[in-house]
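The first residue of the sequence shown is numbered 1, and numbering continues consecutively from there. Both backbone and side-chain heavy atoms feed into the values below; hydrogens, waters and symmetry mates do not.
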Amino acid sequence: VVTGFAETNTCNNLVSCDALVEGVINPFNWGGFDDTDDSGTIAYVVVDKGGFGLAPASEINSITLYGIGRNTDFSFMQANDNTDDGIEVFGGEAVFHHLVSTNNFDDSFDTDEGFRGGMQFGLGIQSTVEADKGFEIDNKVIADAPISEPTFANITMIGSIATTGAPVGIGPRSGTGAYFWNGIISKPERAAIRSEAGTVLLNGGVLTNPDDGILRIKNYLIYAPGATDGNYASTLTGGETVANVQSWYEADADNRKDI
């Protein structure tokens with residue numbers, strides 16, 4: 001767990017941020033209002049067989065990053081075989097690169113609470129024991145500002161058939177934005193892209209225009225043979241329709257699907 005002083009959308013106190021870390025018995029504060037914050041340098045790290053769930057919605061992930069500012073340099077990190085998310089980022093504006101998330105029990109990459117940074121050059125391989133989403137992108141509360149708008153570039157996500165859970169590739173929810181560039185989603189169990197509650201407010205523009213609004217996807221390949229819900233899916237409870245998810249993805253000629 002690393003905490004910094006960059007901005008999040010969960011500060012109730014606008015003078016001194018009172019956001020709390022999750023997954024610990026005695027939570028402590030994180031975050032602030034300095035997106036240029038520097039949390040130092042971390043490189044060539046493997047976190048193996050970690051993670052812990054203190055209570056529902058309160059877990060320690062393999063690598064958990066809170067309020068990390070853009071002058072931070074975190075790179076060449078792997079999260080492997082952990083009991084919750086591989087890498088989860090709350091708030092902040094840092095860009096992390098050369099990341100690997102393998103065989104983790106929940107999400108491979110998870111962004112939340114106003115994260116506006118990015119991840120570049122990565123690989124995710126979902127667990128066959130228990131898994132949920134390759135990319136869980138979340139704002140926590142719809143319309144809370146700053147809105148999460150992470151950028152994911154040059155990342156390959158390899159799905160699985162999990163004993164527990166039904167893994168999907170990308171799962172947007174709760175009004176988040178995101179930019180996906182140059183990636184592959186391969187063999188998810190349930191669907192390549194699954195719209196969840198709140199996605200109806202997500203794009204902020206014309207859903208069928210991939211270059212408008214705050215959710216964009218460009219130069220992607222999805223390969224989902226045997227996915228139980230097909231390439232595209234929706235919870236249909238506050239989410240976009242399956243047809244809208246399909247039209248959004250396929251509106252850009254550089255996005256492809258092999259089945």
Side-chain angles (χ1 to χ4, degrees), residues 85 106-112 115-116 118-119 122 124 126 131-144 147-162 165-259:
D85 296 335
D106 194 5
D107 309 312
S108 299
F109 302 105
D110 190 343
T111 58
D112 209 338
F115 176 57
R116 290 143 294 121
M119 301 181 186
Q126 292 181 288
D132 190 11
K133 303 176 187 70
F135 300 93
E136 179 171 286
I137 49 175
D138 200 340
N139 199 53
K140 190 168 185 178
V141 178
I142 295 172
D144 274 5
I147 293 173
S148 298
E149 293 183 47
T151 297
F152 300 98
N154 312 100
I155 298 177
T156 295
M157 183 61 59
I158 299 175
S160 70
I161 305 298
V168 302
I170 298 174
R173 58 191 296 186
S174 300
T176 187
Y179 303 85
F180 288 91
W181 307 123
N182 307 327
I184 297 171
I185 298 172
S186 177
K187 295 186 176 180
E189 178 178 351
R190 185 167 192 168
I193 304 171
R194 184 173 187 256
S195 165
E196 295 196 3
T199 314
V200 69
L201 299 177
L202 188 151
N203 199 54
V206 180
L207 185 68
T208 55
N209 182 351
D211 295 318
D212 185 27
I214 63 170
L215 177 66
R216 305 178 191 176
I217 190 164
K218 182 85 170 175
N219 199 30
Y220 247 72
L221 170 64
I222 57 179
Y223 176 61
T228 56
D229 290 349
N231 289 321
Y232 318 104
S234 174
T235 62
L236 298 180
T237 303
E240 282 291 347
T241 65
V242 174
N244 279 350
V245 176
Q246 178 176 357
S247 64
W248 166 75
Y249 180 82
E250 296 181 4
D252 191 295
D254 291 324
N255 293 331
R256 301 172 304 283
K257 62 183 190 301
D258 266 13
I259 194 167

Check: Between Asn231 and Ala192, is there a donor-acceptor pair closer than 3.5 Å when you use the side chain of the first and the backbone of the second?
Finding: no
Check: Of all heavy-atom pairs between Arg194 and Val168, which one has the smallest distance, and what is that distance?
Finding: CD-CG1, 3.9 Å
Margin query: Using 30° and 60° as the class boundaries, would you call the ring planes of Phe152 and Phe180 parallel, tilted or perpendicular?
Written below: parallel
Check: Are any of the side-chain nitrogens in Arg173 or Asp138 under 4.0 Å away from the carboxylate oxygens of its partner?
Finding: yes
Check: Does Tyr220 reach the main-chain N or O of Tyr249 with its side chain, forming a donor-acceptor pair under 3.5 Å?
Finding: no
Check: So do Thr156 and Ser186 actually touch side chain to side chain, heavy atoms under 4.5 Å?
Finding: no
Next item on the list: Spell out, as yes or no, whether a donor-acceptor pair under 3.5 Å connects the side chain of Gln246 to the backbone of Tyr232.
Entry: no
Next item on the list: Before giving the answer on salt bridge (Lys or Arg N to Asp or Glu O under 4.0 Å), spell out for Asp112 and Lys140 the whole-Å C-alpha distance, their side-chain angles and the decisive distance to 0.1 Å.
Entry: CA-CA 6 Å; Asp112 209 338; Lys140 190 168 185 178; over 6 Å; no
Next item on the list: Of all the heavy-atom pairs spanning Ala166 and Glu189, show the shortest one and how long it is.
Entry: CA-OE1, 3.9 Å
Checklist line | Spacing of Glu250 atom CD and Asn255 atom CG [to the nearest 0.5 Å] | finding: 9.0 Å
Check: If you round to the nearest 0.5 Å, how far is CZ of Arg216 from OH of Tyr179?
Finding: 4.5 Å
Next item on the list: Kindly compute the distance separating CD1 (Ile193) from CD1 (Ile222), expressed to the nearest 0.5 Å.
Entry: 5.0 Å
Check: How far does OG1 of Thr151 sit from CZ of Arg116, to the nearest 0.5 angstrom?
Finding: 11.5 Å
Notebook entry, point to check: If you look at every heavy atom in Ser247 and Asn244, which pair is closest and at what distance?
Noted result: OG-O, 3.0 Å
Next item on the list: Nearest 0.5 Å please: distance from the CG atom of Leu215 over to the CD1 atom of Ile170.
Entry: 8.0 Å
Notebook entry, point to check: When rounded to the nearest 0.5 angstrom, what distance separates CD in Gln126 from CG in Asp106?
Noted result: 10.0 Å
Next item on the list: List the atom of Ala131, the atom of Ser160, and the distance in Å for their closest heavy-atom pair.
Entry: CB-OG, 4.4 Å
Notebook entry, point to check: Looking at Ile137 and Pro150, what are the two nearest heavy atoms and their distance?
Noted result: CG2-CG, 4.2 Å
Notebook entry, point to check: What are the two closest heavy atoms between Ser195 and Val245, and how far apart are they?
Noted result: CB-CG2, 3.8 Å
Next item on the list: Kindly indicate whether the side chain of Pro225, heavy atoms from C-beta on, has any atom under 4.5 Å from the side chain of Lys187.
Entry: yes
Check: Glu136 pairs by side-chain contact (heavy atoms from CB on, under 4.5 Å) with which of Thr176, Asp85, Asp107?
Finding: Asp107
Notebook entry, point to check: Is it true that a side-chain atom of Asp258 and a backbone atom of Tyr223 form a donor plus acceptor pair closer than 3.5 Å?
Noted result: no
